[in-house]
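The structure under discussion appears below in the form of structure tokens.
Heads up: numbering here begins at 1 and tracks the sequence.
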Amino acid sequence: VRWVEAGGPITVTLKTGIVLPLTTSATGLAFAAFYRSSYLSKQLDAELQTTATETRTTKAALMRELETKLEEIRVQGISRASGSFTPGINGFSAPVFDHTARMVAAITSLGTIGHFDMAWDSPLAQSIKAAAATLSRRLGHGETDTQPSY
């Protein structure tokens, strides 16, 4: 984990080692959209079941909503969350891929609502996507014909 602090008067950080929710945090949504593993699938299933119980809805309905969101994230190449995990905090998270086209990390930026442009094409979103793409290339992504499988 590497932290880069912004130059503003307020610093938004998360405790190193925290496990973020897959369905409500920008980082979790990036992994839910781009990372494939049986462990992640089990965690996502458990999270959806807990949410369904708490909100008195069905897991299937939640999954349909989530799939729509994940498809948008895949199209945009970046995930976003606004105040859903931590009230008052927005986030973007972009996937980093290795030479096998497997997601191995995410680059996430957090900021306060009102000072954090959440538009998909905002300069911040574009910068995070560019940083993730640069790191992915350094890890060998794109050197073969292998494409990410979502």
Derivation and outcome, side-chain contact (heavy atoms from CB on, under 4.5 Å), residues Thr51 and Thr53: CA-CA 5 Å; Thr51 302; Thr53 301; over 6 Å; no
Ile128 CD1 to Thr108 OG1 distance, which is reported to the nearest 0.5 Å: 7.5 Å
Test item: Glu47 side-chain N/O and Pro21 main-chain N/O as donor-acceptor pair under 3.5 Å: no
Interatomic distance, Met103 atom CE to Tyr35 atom OH [nearest 0.5 angstrom]: 9.0 Å
Nearest atoms (heavy-atom pairs only) where Arg80 meets Leu29: O-CD1, 3.7 Å
Short side-chain to backbone donor-acceptor contact, Arg74 and Ala33, under 3.5 Å: yes
Parallel, tilted or perpendicular: rings of Phe92 and Trp120 (30°, 60°): tilted
Listed once per pair and sorted, the salt bridge (charged side-chain N to carboxylate O under 4.0 Å, His left out) pairs that draw on residues 51-65, sequence neighbours left out: Asp45-Lys59
Polar side-chain atom of Ser93 near backbone of Ser79 as donor-acceptor pair, under 3.5 Å: no
Donor-acceptor contact present, side-chain Gln43 to main-chain Leu22, <3.5 Å: no
Lys129 side chain vs Leu124 backbone, donor-acceptor pair below 3.5 Å: no
side-chain contact (heavy atoms from CB on, under 4.5 Å) evaluation trace for Thr23 with Leu62: CA-CA 10 Å; Thr23 60; Leu62 292 173; over 6 Å; no
Euclidean distance, Leu20 CG relative to Phe31 CZ, rounded to 0.5 Å: 9.5 Å
Least distance between heavy atoms, Thr58 atom then Ala52 atom: C-CB, 3.9 Å
Nearest-0.5 Å distance, CG of residue Asp98 to NE2 of residue His141: 9.0 Å
Distance (rounded to the nearest 0.5 Å) between Ser109 OG and Phe116 CZ: 4.5 Å
Non-hydrogen atoms of Pro123 and Asp117 that approach each other most closely: CD-OD2, 4.4 Å
Reported CD1-to-CD1 distance for the pair Ile89 and Ile113, which is rounded to 0.5 angstrom: 7.5 Å
Check: Ser122 side chain, Met118 main-chain N or O, donor-acceptor pair, under 3.5 Å: no
Closest heavy-atom pair and its distance - Leu48, Met63: CD1-SD, 3.3 Å
Ile73: which of Lys69, Gln76, Glu71 passes side chain to side chain contact (heavy atoms under 4.5 Å, CB included): Lys69
Partner residues of Ala131 under the side chain to side chain contact (heavy atoms under 4.5 Å, CB included) criterion, sequence neighbours left out: Ile107
Heavy-atom closest contact (Ser136 atom, Pro95 atom, distance): OG-O, 4.1 Å
Which atom of Leu139 lies closest to which atom of Phe97, heavy atoms considered: CB-O, 3.8 Å
